[in-house]
Structure formats: structure tokens, C-alpha cells
**Student:** 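This is the structure I have questions about; it appears just below.
Note on naming: letters A, B, ... go to the chains in the order of the sequence lines (proteins, then strands), and numbering restarts at 1 for each one.
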Protein chains: 2
Amino acid sequence: MDAHLLRTFVAVTRCGSFSRAADELGYTQSAVSQHIAALESDLGTPLLSRRPVQPTAAGRRLLEHAGPILVRLAAARAEITRMTQAPPDRLVVGVSPLAFVPEVVGANHVRVLPRVEVVTGVAQGTLDLGLVDGITAPSDPLNLPDVAPLAKAGVAERPLAVVLPADHPLAGRKHVKLADLADAQWIDAPESAIPLAQLRAASGTTGFRAALRYEGTHVPGLLEMATAGHGLALLPQTMVGGLPAVPVTRLVHRVERLTMPTQPGSGRSGVR
Amino acid sequence: MDAHLLRTFVAVTRCGSFSRAADELGYTQSAVSQHIAALESDLGTPLLSRRPVQPTAAGRRLLEHAGPILVRLAAARAEITRMTQAPPDRLVVGVSPLAFVPEVVGANHVRVLPRVEVVTGVAQGTLDLGLVDGITAPSDPLNLPDVAPLAKAGVAERPLAVVLPADHPLAGRKHVKLADLADAQWIDAPESAIPLAQLRAASGTTGFRAALRYEGTHVPGLLEMATAGHGLALLPQTMVGGLPAVPVTRLVHRVERLTMPTQPGSGRSGVR
DNA sequence: TGTTGTTACGTAAGGCGTAAGCATG
DNA sequence: CATGCTTACGCCTTACGTAACAACA
């Protein structure tokens, strides 16, 4: 199970086509066909159904491993490259939408990305610094996917608030326990608010089901939908403005700063 | 950076010798030499100092990635194998020393292993089921290394207690906050008690430094040392017996059950 | 019949072993 | 001088591309 083969496998599933994947990877489609055949014979089971090209059950399972493996391979290379070579002159900062803290303003290149991509970006060296947000109990670290060992530091912790319509039974309350809202109607807005998946993970329940999905990073639009009663949304209190919202107990919004464990250029061995 | 090369790299560092690694892997030592040379030329930096054979700074960094990558590759293969083939007739259970819960007694093959090896064992399919222990806040999941996506379930949560000499100032107290003991003299007994590293992680401090290291899984010996005043030890209260010990607030000892995400034999596709 | 994946085959590169070379203790 | 890593070289395997083939729409 060569890493090379895994790379073409994920490309094929992403493209949904051998030939398009071949173009993307700079192979002939014959080579791609041979790669998949090699993988399938190695694992002893078909990984793709052809025409249309879709992963089988086994293929889907493999996909779940392949991504992290490739990220980690890239991370290993990136880390060593960074140890050996001179630090880059640019400084690219990756930020998840709600992690935009004042610190960022000084950077000369900022990229707003989904949370996972901030983590993988820092790991693979495409980002020099990452700022990710999420929810936790006060002063607990975030539960980030550990695709690679990264240096993490808490940067900010702010209270959370649930945005709700003015006529909601809980409106005007001093605070709420999130657990009491597990069965409410939620809006899943993973880019402009706390993703419900994080809520479930932090609370250990299976509640917090989405009545509605909201894509994009346009927070005002989300706030409008929530106050109009289409569902609840959980955000850092500072982003709610003057709208009707109830502070949340026990959990906070936390921002962490990610870098590679080795400082850039710190280990320039062999250079005199 | 072929996975094959990584495998021989870790073997060489573990053996501290090209030739011994070659024996272990079934290569000639020439091949091993070529593997390392290939890696070093690929990454553009020396990874090992020869005579004696020791990893360089870059090599140490690579090692940190190589292990997990290889585990995850094995996990991918194991998971697909298990989906495809019939479930094994034996049932091997891996247990970390303090995770020995009554459930285990029914199994026909039990293996007591360090915590990490239980996790990697389940991931790679050498274990059919794992029981791991650790400390957390009540009803929080354990912070396990995610070498692969595994199915996790809480099995037990029991109170923790600090074992201390009878004449200790805290002896006889109703309970203690662990944070108050961060600067005490601790015994690091990772196999027979809670490892101090876990304590630091759970409390977010850098305290809990070891005065003494205790290796092995012989709990009575550890208890004797702790009551004799050589340092504190943190254990599940049930294992302390009648000895002087003070219950701990906020944190509990938790045991989790690990299996592969797919049930053995569940996805036997293509079999009619 | 066109599009897309598979198979056959020739060439080129890579990987491993044998054996000679070379550095270090 | 002996041990242990490196280099040189030959063989064999593997991997890719071209091109013919097959299957599905």
C-alpha cells in the first residue's frame, strides 16, 4: 500500500473519474488504472465501482485513512524542510472564521479557512501560523484532530451566547445551560457559528440536531435568520452585538494559536 | 518518502545499527544503507549520525511522524481486511493495567499492555477489543491519541485517590483538589498508577514533577513506597484498599472500550 | 459510436544482492 | 586489524506510456 497509490486513489474518488484524476496528477489514465488495480489486488477487495466511479464500502473506509496519512507524510516533509532551510520571508496566517482576533491584524498575509484546513495547513507548512476556534470548558484545550504534533497556545477565551428570537421563552434569561437546548431547533452554520458537531462532542449528547443548514461566513445573515425564529445559533457573545441572546454557562469560545513544534529556522544544523 | 523507507528508518534507530535492522527486516545491510541514503537525499538533510548510529535533530523529528504514519497504514489495511474477511474465531482483548474491569473475565485471551499499545493494537487489528483507562472530568471522554478512527464507549468511571503517608499534612482530609498538589513530590508510575503526564495534561499545568520513577505493574509495591513517604501516587480509589488515601475532586478514573468502527464481518461485500 | 476504463507490451528506471572499498575505534 | 557503513555493478522487478481492446451509454 504505497503512499503514491493512496494519493491517486483519493484523487480518483474526488474527481469521480480515472481520466480527470490522471490529468490532475500528470499521469496517463492507464497509469491511474494500474494504480487502482494494484491497490485493489494488494487489499484483496474492490475499492471503486466503475461507471459511475464511486468508492465501495471498503473504499470509503480507506478514504478515511488515506487523507490523514497523506497529510501526515506532507507534515513530516514540511517540518524537516523548515528545520533545514532558512525561514520564509512571508508569513501566512490561517484563521478559522470565528478565530479572528486582534493579533491577526499585523500579519502580511491572512487566509480565512475552515477549521480543519487551518490545522492541516499549519501541519503541512502551507501556513506559518494558524488561529483556530472552538468550544470547551474554561481553560481546557480545544479538541483538534492531531494530524501532526503541533505547538498549541490559548489566545483568547470569550463567553458564548445563544441567539434567539425576542419572543422565545428563554429570551431575557440571565443565562442557559446548553444541555437544556439539546432538543431545540438549531441552525447548523459551521462557518459562521459553532458547528453543531462540536456542540455534540463537547456535551457528549446526540442532540443539537439541525433544522436548517447555513453555509458561508456571512454572520449578519445568520443572526437575522436566528432572530427571525428559524432556529438557534451559538456564537461568541462579542459577535452578537445588541441582538437578543442568552449567555451560556460552563462552555466558552476559545481561540488557539498553532505553529509547528520547531521554530522556523531554529535547527539549521550543518550551517556555519 | 516511501513508507517502506520510513519502516527501515525506525528499525535502524531502534536497533542503533544498520546491520541489525537489516537482519530484523530481512534485507542485506547494503539495502538498508541505500534506504537511508534515499531518505536523506529525498529530504536533503542527514537523518542519522553514523558510528554510533543515532538520529540527528531532523531524524528525531521524522521519527515522531514515522511511527504514527506506519500505524495508520497498518490500521487502514487491517480495517479493510476485517471488513472483507470472515471475523476471526479468537477474541483477543488488550487491557491497560488499571483498566481491568469485571467485563474482561469472560474473554478467552487477555493481554495487559501499556495504554498506547492498546490503542494501536485495536487500530491495527492485533487486538479485537481494547480497554484503556485514564483521567478526565466526569463524563468527558478520554484524550486518546487518534492514530485511527475507533469506536469508543465509556465503560466505568470511578473516583480517584491520592495515596500518601499517614503522617502527611493532608492525611485524613475528606478530599483534595489535585491542583493543590501540583508542587508535591510525586512518584511517576505510568504502569501501576496514573502517569504524571496525564495529570499535567488534564490539569493544564506543568507541575506534578516526579521525585522518583517506578516501573512495572506491581501495584502493592507502589502503594508501599507511597505510604512510606517516597512520593505521592494517584490511583483509582478501589485499588487503594484500606491504606491512607485522600479522594480527589473534579477528576475521575475512566475506562473506555475501543473497537474498530466497523463491526467484524459486517461489510462482507461480494459474498453471496 | 463516443467516451472511458482495461489489457498488452516495450522501454526505462529503481531496488536489491554480491562484493569490493573505506573509515573508525 | 576488525567491525560496520558505503559504493559499484549486475540482475531482476516494477512502473510508466503507447496503443489496441472492451464495455457501457
**Student:** Quick one: ring pair (Phe, Tyr, Trp, His ring centres under 6.0 Å) pairs with a partner in residues 21-64 of chain A, sequence neighbours left out?
**Tutor:**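 Pairs touching residues 21-64 of chain A that pass the test: His4(A)-Tyr27(A), His4(A)-His35(A), Tyr27(A)-His35(A).
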**Student:** Taking for each residue the nucleotide of DNA chain D bearing the nearest heavy atom, is the 5' side occupied by Pro52(A) or by Val32(A)?
**Tutor:**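 Taking each residue's closest nucleotide, the earlier one in sequence belongs to Val32(A).
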**Student:** Quick one: is Ser17(A) getting a side-chain N or O under 4.0 Å of the dT4(C) phosphate, OP1 or OP2?
**Tutor:**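 No, outside the criterion.
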**Student:** Applying side chain to side chain contact (heavy atoms under 4.5 Å, CB included), can you list everything that pairs with Val219(A), at least two apart in sequence or on another chain?
**Tutor:**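 With sequence neighbours excluded, Val219(A) shows a side chain to side chain contact (heavy atoms under 4.5 Å, CB included) to Ser192(A), Leu223(A), Leu235(A), Met239(A), given in chain and number order.
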**Student:** Show which side-chain atoms of residues 117-125 of chain B pair as donor or acceptor with protein atoms under 3.5 Å away, not counting sequence neighbours.
**Tutor:**
unit_1: Thr120(B); atom_1: OG1; unit_2: Val116(B); atom_2: O; d: 3.2
unit_1: Thr120(B); atom_1: OG1; unit_2: Glu117(B); atom_2: O; d: 3.3

**Student:** Starting at OH of Tyr27(A) and ending at P of dT18(D), how long is that distance when rounded to a whole Å?
**Tutor:**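 About 14 Å, once rounded to whole Å.
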**Student:** Among residues 9-16 of chain B, which residues get a heavy atom nearer than 4.0 Å to DNA chain C?
**Tutor:**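 Within residues 9-16 of chain B, no residue comes under 4.0 Å of DNA chain C.
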**Student:** With sequence neighbours left out, what residues match Arg213(A) under salt bridge (charged side-chain N to carboxylate O under 4.0 Å, His left out)?
**Tutor:**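 Arg213(A): salt bridge (charged side-chain N to carboxylate O under 4.0 Å, His left out) contacts with Asp188(A), Glu215(A).
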**Student:** Could you tell me how far apart Arg51(A) (CZ) and dT3(C) (C1') are, to the nearest whole angstrom?
**Tutor:**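 Rounded to whole Å, this separation is 7 Å.
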**Student:** Tell me: CG of Asp2(A) to C1' of dG15(C), nearest whole Å?
**Tutor:**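 Asp2(A) atom CG is separated from dG15(C) atom C1' by 13 Å.
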**Student:** In whole angstrom, give the distance that lies between atom CG of Leu39(B) and atom P of dG15(C).
**Tutor:**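 After rounding, the reported distance stands at 11 Å.
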**Student:** Would you please name every residue forming a side chain to side chain contact (heavy atoms under 4.5 Å, CB included) with Val92(A), sequence neighbours left out?
**Tutor:**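 Side chain to side chain contact (heavy atoms under 4.5 Å, CB included) list for Val92(A), sorted by chain: Arg90(A), His109(A), Arg111(A), Leu127(A), Asp128(A).
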**Student:** Please report the interatomic distance CG(Leu63(B)) to OG1(Thr13(B)), rounded to the nearest 0.5 Å.
**Tutor:**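 That separation rounds to 4.0 Å.
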**Student:** Tell me, which pairs form a ring pair (Phe, Tyr, Trp, His ring centres under 6.0 Å) where one or both residues lie in residues 36-92 of chain A, sequence neighbours left out?
**Tutor:**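 The answer is none; no pair qualifies.
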**Student:** Would you say the side-chain atoms of Ser30(A) and Gln34(A) include a donor-acceptor pair closer than 3.5 Å?
**Tutor:**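 Note: Ser30(A) and Gln34(A) side chains meet the donor-acceptor criterion.
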**Student:** Without decimals, in angstroms, what is the distance between Leu25(B) CG and dG15(C) C1'?
**Tutor:**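 Between C1' of dG15(C) and CG of Leu25(B): 15 Å.
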**Student:** Does a nitrogen or oxygen in the side chain of His4(B) sit under 4.0 Å from OP1 or OP2 of dG15(C)?
**Tutor:**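 Negative; the distance criterion is not met.
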**Student:** If a pair satisfies salt bridge (Lys or Arg N to Asp or Glu O under 4.0 Å) and one of its residues is in residues 16-45 of chain B, list it, with sequence neighbours excluded.
**Tutor:**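 Residue pairs passing salt bridge (Lys or Arg N to Asp or Glu O under 4.0 Å), neighbours aside: Arg77(A)-Asp42(B), Arg14(B)-Glu24(B), Glu40(B)-Arg50(B).
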**Student:** Could you list the residues that satisfy ring pair (Phe, Tyr, Trp, His ring centres under 6.0 Å) with Phe208(B), not counting sequence neighbours?
**Tutor:**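 Residues passing ring pair (Phe, Tyr, Trp, His ring centres under 6.0 Å) with Phe208(B): Trp186(B).
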**Student:** Does Glu64(B) have any salt bridge (charged side-chain N to carboxylate O under 4.0 Å, His left out) partners at least two apart in sequence or in another chain, and if so, which?
**Tutor:**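 Per chain and number, Glu64(B) pairs via salt bridge (charged side-chain N to carboxylate O under 4.0 Å, His left out) with Arg61(B).
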**Student:** Tell me: CG of Leu48(A) to P of dG5(C), nearest whole Å?
**Tutor:**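 About 10 Å, once rounded to whole Å.
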**Student:** Pick out the pairs of N or O atoms, protein on one side and nucleotides 6-12 of chain C on the other, that lie under 3.5 Å.
**Tutor:**
unit_1: dT6(C); atom_1: OP1; unit_2: Arg50(A); atom_2: NH1; d: 2.2
unit_1: dT6(C); atom_1: OP2; unit_2: Ser33(A); atom_2: OG; d: 2.8
unit_1: dT6(C); atom_1: OP2; unit_2: Arg50(A); atom_2: NH1; d: 3.4
unit_1: dT7(C); atom_1: O4; unit_2: Ser30(A); atom_2: OG; d: 3.1

**Student:** How large an angle, rounded to 10°, do the end axes of the helix from dT1(C)-dA25(D) to dG25(C)-dC1(D) enclose when each is built from five base pairs?
**Tutor:**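 Comparing the first five pairs with the last five, the axes sit 30° apart.
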